Every structure is written in C-alpha cells, then in structure tokens.
Amino acid sequence: NANVTPVNWKNAPSIKEAYKDYFDYFGIAVGYKDALAIEDIQDGIIRHADAITMGNEMKPDFIFNWRKPSNKEDYTDSAGTTIKVPMGMPQYGNLQAILFTSQLIGVKIRGHVLVWHSQTPHWFFTENYDSSTNAKYVDKATMTARQEWYISKVIGYINDWEKKYNGGEHIVFAWDVVNEAVSDGASTQK
C-alpha cells in the first residue's frame with residue numbers, strides 16, 4: 001500500500017519482548033562484517049533479540065580461515081586412535097571479535113555449526129589432507145578422530161575465552177553439532 005509509512009526496525013515494537021513468555025531466547029541470524037560489527041545494526045539487534053546465530057563465521061571453512069595445513073602433529077582421540085592433525089589450526093577467523101562484540105552488546109550466541117560437510121574444506125575428509133579432487137577419503141576411525149579433534153579445539157577455544165573474559169559464564173548457550181546429517185537426495189553420498 002502506497003499510504004503505509006515504513007517503520008525503522010530500531011523504533012518498531014520489540015520482537016523479543018513480544019515473545020518473552022514463550023521463549024528463553026529470541027535470536028537473529030547475522031553475519032559479522034555486514035551486521036554484527038556495525039554499531040547502527042547492533043542497536044536493532046539488541047532491540048529485537050537476545051541471541052544471535054552467525055550465518056557462516058562459526059562453520060569449519062571460516063574457523064580454518066580457508067587455509068590448508070602445511071605441518072602436522074599427533075593427536076590421540078578418546079578411542080586411542082593416533083592421527084596427524086593440522087599444526088597451528090584452527091585459526092578461528094573472526095571468532096574472537098564475534099565473542100567480544102556479543103559480550104559488549106549483551107547477546108548470547110547459538111553456535112552454528114561444528115560438523116557440516118558443505119562448509120568444511122575438502123581436505124579435512126581426505127588422506128594426507130589432500131585438496132585435489134581425486135583424493136582418497138580417510139577411513140571411519142580417522143574421520144571420527146579428526147572430528148573429535150576439531151570439535152574439542154573449537155569448544156576448548158570458546159570455553160577458555162569464556163573463563164578468561166566472561167567470568168566463566170557461557171556466551172555460547174547452545175550448539176548445533178551436526179547440520180544436515182542426512183542427504184536430501186537418496187542417491188547422493190557424502
């Protein structure tokens with residue numbers, strides 16, 4: 001309708017307040033550089049949400065900072081399997097800035113996502129961390145150990161940050177551990 005005047009979202013009634021009797025947290029999905037890092041947008045976020053979910057920045061591609069490992073070190077998983085893992089990785093991308101900004105504006109984070117084939121580098125699944133298209137995939141025990149290593153590194157990083165900078169209080173209140181564990185296509189294997 002041409003006669004409707006748009007409302008600035010920073011002046012509109014608060015969504016989180018409207019639903020506070022129904023939900024512990026009301027969240028908004030955001031990117032870091034295009035939303036969370038911008039003060040003007042932060043005002044709208046905290047008006048309407050008390051939690052955020054990063055669109056991509058907590059996915060493995062971002063956490064690895066799109067880098068391929070050059071050196072490796074030993075890691076022994078909880079089942080006793082010793083594998084080689086990337087030395088000096090993950091590098092965590094913008095994760096520290098995301099944690100500090102979330103703390104500053106007073107919103108919690110839903111961690112999204114630890115395991116997802118789609119935004120995890122191809123080399124993470126292959127023998128010798130080979131990025132070539134014809135690289136052989138690792139066996140199940142190796143992949144399980146790699147996932148354990150990766151998850152423990154990311155969770156440990158955030159846990160250490162929470163202890164050091166947030167008085168031990170969790171800023172990441174929940175995790176999506178696995179995204180799209182089952183293929184949409186019956187004939188697709190990943």
Side-chain angles (χ1 to χ4, degrees), residues 15-16 19 22-37 41 45 48-69 75 77-79 81 83 85-86 89-103 107-127 129-131 133 135-162 170-190:
I15 299 171
K16 74 178 179 186
Y19 288 100
Y22 301 97
F23 301 107
D24 293 333
Y25 296 99
F26 192 88
I28 295 175
V30 298
Y32 178 68
K33 290 181 180 177
D34 64 348
L36 187 61
I41 295 175
I45 291 170
H48 295 288
D50 44 23
I52 59 170
T53 301
M54 300 311 299
N56 289 306
E57 289 90 347
M58 292 178 85
K59 294 174 180 170
D61 273 341
F62 283 77
I63 296 294
F64 282 124
N65 216 13
W66 288 279
R67 297 210 171 124
K68 184 179 184 286
Y75 170 78
D77 74 359
S78 58
T81 303
I83 62 167
V85 295
M89 293 179 94
Q91 295 182 330
Y92 305 106
N94 290 324
L95 188 53
Q96 183 168 312
I98 291 164
L99 294 168
F100 277 119
T101 303
S102 298
Q103 178 191 51
V107 295
K108 298 283 189 180
I109 301 170
R110 178 181 191 90
H112 180 74
V113 58
L114 292 168
V115 177
W116 189 26
H117 74 280
S118 182
Q119 286 190 327
T120 300
H122 174 71
W123 55 256
F124 191 70
F125 302 101
T126 64
E127 290 181 3
Y129 299 102
D130 186 349
S131 58
T133 55
K136 290 181 64 176
Y137 290 109
V138 297
D139 60 48
K140 182 179 178 180
T142 301
M143 192 69 244
T144 299
R146 284 184 185 181
Q147 288 177 327
E148 180 181 308
W149 165 79
Y150 174 77
I151 291 168
S152 67
K153 292 291 276 189
V154 174
I155 297 293
Y157 179 88
I158 291 172
N159 188 45
D160 290 347
W161 184 92
E162 290 169 336
H170 291 300
I171 197 160
V172 178
F173 73 95
W175 275 100
D176 295 332
V177 177
V178 178
N179 192 39
E180 298 178 7
V182 178
S183 174
D184 291 335
S187 63
T188 303
Q189 292 183 355
K190 285 220 177 198

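Quick caveat, the model's predicted, so the values are computed rather than measured.
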From CA spacing to verdict: side-chain contact (heavy atoms from CB on, under 4.5 Å), Ile63, Tyr157 | CA-CA 11 Å; Ile63 296 294; Tyr157 179 88; over 6 Å; no
Sequence neighbours left out, what passes side chain to side chain donor-acceptor pair (under 3.5 Å) with [X]? Give chain and number order.
{"X": "Ser78", "answer": "Glu148"}
{"X": "Glu127", "answer": "none"}
{"X": "Gln103", "answer": "Asn166"}

Mind checking the NZ-CG spacing from Lys153 to Leu114? Nearest 0.5 Å is all I need.
-> 14.5 Å
Please confirm whether the backbone N or O of [Y] pairs with a side-chain atom of [X], one donor and one acceptor, at under 3.5 Å?
{"X": "Gln96", "Y": "Trp161", "answer": "no"}
{"X": "Arg110", "Y": "Ala51", "answer": "no"}
{"X": "Lys108", "Y": "His170", "answer": "yes"}
{"X": "Thr101", "Y": "Ala97", "answer": "yes"}
{"X": "Asp77", "Y": "Ala79", "answer": "yes"}

Can you give the donor-acceptor pairs under 3.5 Å from side chains of residues 25-35 to other protein atoms, not counting sequence neighbours?
none

Is the shortest side-chain heavy-atom distance between [X] and [Y] below 4.5 Å?
{"X": "Trp66", "Y": "Asp61", "result": "yes"}
{"X": "Val172", "Y": "Leu99", "result": "yes"}
{"X": "Phe62", "Y": "Ile98", "result": "no"}
{"X": "Trp149", "Y": "Pro86", "result": "yes"}
{"X": "Lys59", "Y": "His112", "result": "yes"}
{"X": "Ile109", "Y": "Met58", "result": "yes"}
{"X": "Tyr129", "Y": "Val85", "result": "yes"}
{"X": "Ile45", "Y": "Leu36", "result": "yes"}

Taking atom OH of Tyr137 as the centre, does the number of heavy atoms from other residues, nucleotides or ligands within less than 6.0 Å exceed 12?
-> no
Starting from the C-alpha separation in whole Å, work towards a yes-or-no answer on side-chain contact (heavy atoms from CB on, under 4.5 Å) for Trp175 and Ile155.
-> CA-CA 10 Å; Trp175 275 100; Ile155 297 293; 3.2 Å; yes
Name all residues meeting the salt bridge (charged side-chain N to carboxylate O under 4.0 Å, His left out) criterion together with Lys16; count only those two or more places apart in sequence or in a different chain, and write none if there are none.
->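 Lys16: no salt bridge (charged side-chain N to carboxylate O under 4.0 Å, His left out) contacts found.
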Please list, chain by chain and in numerical order, all residues satisfying salt bridge (charged side-chain N to carboxylate O under 4.0 Å, His left out) with Asp139, sequence neighbours excluded.
-> none
Please report the closest heavy-atom contact between Val154 and Tyr92, naming both atoms and the distance.
->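 Looking at all heavy atoms of both residues, the shortest contact is CA-CE2, 4.2 Å.
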State yes or no: are the ring centers of Trp123 and Phe64 separated by less than 6.0 Å?
-> yes
